[in-house]
Asks: 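Mind having a look at this structure? Questions to follow.
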Amino acid sequence: MQNTAPPTPKLDALIQADPDLVDRIFDYILSDPMLAAAIQKGAQADKTTVSKLKTAVRAEFRGEECYIAGRPATARQEQVSQVLALFNGRNASEVARRLQISKRTVYRHLKQPGQATKSAKQ
């Protein structure tokens, strides 16, 4: 017995117009020719396809909510290190201008637990 569901062109158009996170991640991965070739090679060996991989990813992470930072934590730590190296206790505006960040961000980096400024060490 074959499942013949009625066509849903509006729903299909919406799904294609607004792909979910898994689709977008796979688009990024498959845009790299080397990664795409590796996935296709692995899919042929395991008799799986990209759609089966997407289904498995969705099943694994179903219902989870997560925050994806705009930059890696190492970049943030590098900026904190730069602020600490440049700050002398009175030059927050200059540090902000030099690093092209706000003065508030300078103070936020300085107030982090475990961060000691040069002026506090002296």
Asks: Could you report the tightest heavy-atom contact between Ala92 and Lys103, atom names first, then the distance?
Replies: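 Result for this residue pair: CB-CG, 3.9 Å.
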Asks: Would you call Ile101 and Val83 a side-chain contact if the rule is heavy atoms closer than 4.5 Å?
Replies: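 They are in side-chain contact.
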Asks: Please list all pairs passing the salt bridge (charged side-chain N to carboxylate O under 4.0 Å, His left out) test where one or both residues lie in residues 85-96, with sequence neighbours left out.
Replies: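 Non-adjacent pairs meeting salt bridge (charged side-chain N to carboxylate O under 4.0 Å, His left out): Glu94-Arg98.
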Asks: Tell me, please, which residues at least two apart from Ser51 pass side-chain hydrogen bond (donor to acceptor under 3.5 Å, both in side chains).
Replies: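 With neighbours one apart ignored, the set is Thr49.
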Asks: Tell me every residue that passes side chain to side chain contact (heavy atoms under 4.5 Å, CB included) with Val22, counting only those two or more places apart in sequence or in another chain.
Replies: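 Counting only residues at least two positions away or on another chain, Val22 forms a side chain to side chain contact (heavy atoms under 4.5 Å, CB included) with Asp20, Phe26, Lys54, Val57, Arg58.
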Asks: Please enumerate all residues that pass side chain to side chain contact (heavy atoms under 4.5 Å, CB included) together with Pro33, with sequence neighbours excluded.
Replies: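 Pro33 satisfies side chain to side chain contact (heavy atoms under 4.5 Å, CB included) with no residue once adjacent residues are dropped.
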Asks: Would you name the heavy atoms of Asn91 and Leu86 that are closest together and state the gap between them?
Replies: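 For Asn91 and Leu86, the tightest heavy-atom pair comes out as ND2-O, 3.0 Å.
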Asks: Is the number of heavy atoms from other residues, nucleotides or ligands within 6.0 Å of CZ (Arg24) greater than 12?
Replies: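 No - once you tally the heavy atoms of other residues, nucleotides and ligands closer than 6.0 Å, there are 12 at most.
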Asks: Keeping to residues at least two apart or across chains, list the salt bridge (charged side-chain N to carboxylate O under 4.0 Å, His left out) pairs with something in residues 61-81.
Replies: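 Salt bridge (charged side-chain N to carboxylate O under 4.0 Å, His left out) check on residues 61-81 returns no pairs.
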Asks: Would you please name every residue forming a side chain to side chain contact (heavy atoms under 4.5 Å, CB included) with Ser102, sequence neighbours left out?
Replies: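 Once residues adjacent in sequence are excluded, the partners of Ser102 under the side chain to side chain contact (heavy atoms under 4.5 Å, CB included) criterion are Arg104, Thr105.
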Asks: Sequence neighbours left out, what pairs pass side-chain hydrogen bond (donor to acceptor under 3.5 Å, both in side chains) with at least one residue falling in residues 28-38?
Replies: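 Residue pairs passing side-chain hydrogen bond (donor to acceptor under 3.5 Å, both in side chains), neighbours aside: none found.
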Asks: Residues two or more places apart in sequence or in another chain: which of them pass side chain to side chain contact (heavy atoms under 4.5 Å, CB included) with Ile25?
Replies: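 Side chain to side chain contact (heavy atoms under 4.5 Å, CB included) check on Ile25 returns Leu21, Ile29.
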Asks: Would you check if Leu35 and Leu30 make a side-chain contact, meaning some heavy-atom pair closer than 4.5 Å?
Replies: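 Leu35 vs Leu30: side chains apart.
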